Amino acid sequence: MKWAILHAVSILALVHIVYCIDHYRYDDLVNVLQRVASDCPSITRLYSIGYSVEGRKLWVLEMTDNPGQHEMLEPEFKYIGNMHGDEVTGRAILTSLVQYLCDEYKNGNTRVEYILNTTRIHIMPTMNPDGFEYAYDYVERHGYRHWMYVGRNNANDVDLNRNFPDLFPKLYNKKLRNDGQNHHLSYSTMYSEMLRENETLAVMHWLDDYPFVLSANLHNGELVANYPYDASRNTYINEYAATPDDQLFRQLARTYSKNHGEMSTRKTPCEYGGDVFVDGITNGASWYSIRGGMQDYNYLATNCFEITLELGCIKFPAKEALPGIWDDNREALLAYIEQVHRGIKGVITDENNNPINDAVIEVDGIDHDITSTSTGEYWRLLPEPGTYRVHASAASFIRETKTITLEPDGVAMVINFTLHSFPMDNETTEEPVTDQVDVDKIVPICSGYRRWFYIFCWNIDR
Ligand SMILES: *[C@@H]1O[C@H](CO)[C@@H](O)[C@H](O)[C@H]1NC(C)=O
Ligand SMILES: *[C@@H]1O[C@H](CO)[C@@H](O)[C@H](O)[C@H]1NC(C)=O
Ligand SMILES: *[C@@H]1O[C@H](CO)[C@@H](O)[C@H](O)[C@H]1NC(C)=O
Ligand SMILES: *[C@@H]1O[C@H](CO)[C@@H](O)[C@H](O)[C@H]1NC(C)=O
Ligand SMILES: [Zn+2]
């Protein structure tokens, strides 16, 4: 009997060994990623998005059923770990996640197979490989200290989560934003490349290269799912800064915290001083305001929605704690990926079925638009359930409107739009078909940007 229990314990121990959770140093981490890529070649592609300051490649493992290509209407998702080099839980669990997805795919786990069939997942276990090496050396030599800060920044001693373009002056100053655009805010590129670190620029270019829809950035030092905005209107005052997508972001953050082992139920704050957050979620700026963060940049400059996950009080947990941490996070990591299938998605074409690039998808009541890709595709995450009026428009096309009702079933509804070109200065053209569009909303679209075109159209009316 005793022997049987011991035996069972050793089998359980073996299960953990299969997932191989550890603080892999850079070379070992790359080995694990390469091994997973060769174990599961049909669902993986290993690629690098650039180099760290000390010349380490920034590796990403893509996992999906047809790696290396974007599939029509398949949403793209990303996880980024270890942006602060001394915050290592994300790096460890993402390394476990890629092994888990590979193993479970081979084992015929239908949930994992379905996720990989329907989602293109990009996983970057470390965004700051240089910082990690400093932190690892320090912990090995001196033992762990909570606020050691060694390795938090990159090799140029810059905090990468303060190094993204700060779009808040533009967002909060209507004069600067005279086009009224509520998405893809632009910034002066004059000094941009000079001000950005290697790792930051690599991520910014990565965001341009893939049509990411949903993302999470994994940190340590608290236990909470933090959602945008990270910056408050008055930088130095910590106060709730809601995005127009606040309800959605709260649902997304709650999905992670409720599926985590203790994030939403924890009763005591972190030992070194901290908060206990209702439901294990918080608005970033209401906790403490930061500028130049990555999640705000994702939301204000791209179509991607990102939250920041704080995965525990201890920034650099002992190796022995990692299996338990992985158990606490596994379901949350999967459930959060599945959120990329919320809301609506579709293709925007003209009457001849040509895709329309940069069409604007607006939802009434949410002052934040989404744009289509060069293949005419869009994804618009929305809180469920709910009924929404959605408009699609593009330069020289008539805006089209549809009303949709979403059930909370987690499968994005496909809503395609066929836009009719606006009959500019053409007396012989018939009036557009009006049973598919709102008659009162037929306005010439002079550009994708609303207030700009109102002024423009008002001008030509006179
Ligand atoms: C990264 O930084 C180093 C030195 O700072 C530089 O030599 C290298 O070219 C940079 N790489 C990229 C991809 O920017
Ligand atoms: C995933 O896709 C493959 C190939 O199309 C199909 O055979 C399989 O049934 C799909 N699995 C699930 C769970 O949908
Ligand atoms: C939307 O368009 C895509 C691409 O043309 C097509 O595959 C899909 O069937 C369409 N869906 C609906 C509901 O019209
Ligand atoms: C006017 O409409 C006709 C018929 O749709 C089209 O052939 C012609 O190119 C249009 N002219 C202009 C200037 O748009
Ligand atoms: Zn951090």
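Start at 1 with the first residue, then count along the sequence. Predicted model, so just to flag it, every value in this text is computed and none were measured. Order of appearance sets the numbers: ligands from 1, and atoms from 1 within every ligand.
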When you check the gap from the basic side-chain N to the acidic O, do Glu306 and Lys78 get nearer than 4.0 Å?
yes
Cationic N near anionic O, under 4.0 Å, Arg250 to Asp245:
no
Phe132 ring centre to Arg91 NZ or CZ under 6.0 Å, with the angle to the axis within 45°?
yes
Applying side-chain hydrogen bond (donor to acceptor under 3.5 Å, both in side chains) to Thr119 and His341, what does each step give before you reach the verdict?
CA-CA 8 Å; Thr119 322; His341 297 284; 2.8 Å; yes
Please work out which of the three classes, parallel, tilted or perpendicular, describes the rings of Phe249 and Tyr227, given edges at 30° and 60°.
parallel
What is the ring orientation for Phe164 with Tyr297, classed by angle as parallel under 30°, tilted 30 to 60°, or perpendicular over 60°?
tilted
Shortest-distance N/O/S atom, [X] versus the Zn ion (ligand 5):
X	value
His219	ND1
His84	ND1
Glu87	OE1

Does one side chain, of Ser421 or Ser396, offer a donor that lies under 3.5 Å from an acceptor on the other?
no
Pair Tyr47 and Trp59, ring centroids less than 6.0 Å apart:
no
Here the atoms of ligand 3 under 4.0 Å from any heavy atom belonging to Asn416 are 1 (C), 2 (O), 3 (C), 8 (C), 10 (C), 11 (N), 12 (C), 14 (O)
Is the Zn ion (ligand 5) less than 2.8 Å from an N/O/S atom of Glu310, whether that atom is in the backbone or a side chain?
no
Give the protein residues with at least one non-hydrogen atom closer than 4.0 Å to an atom of ligand 2, ordered by chain and number.
Thr110, Glu113, Tyr114, Asn117
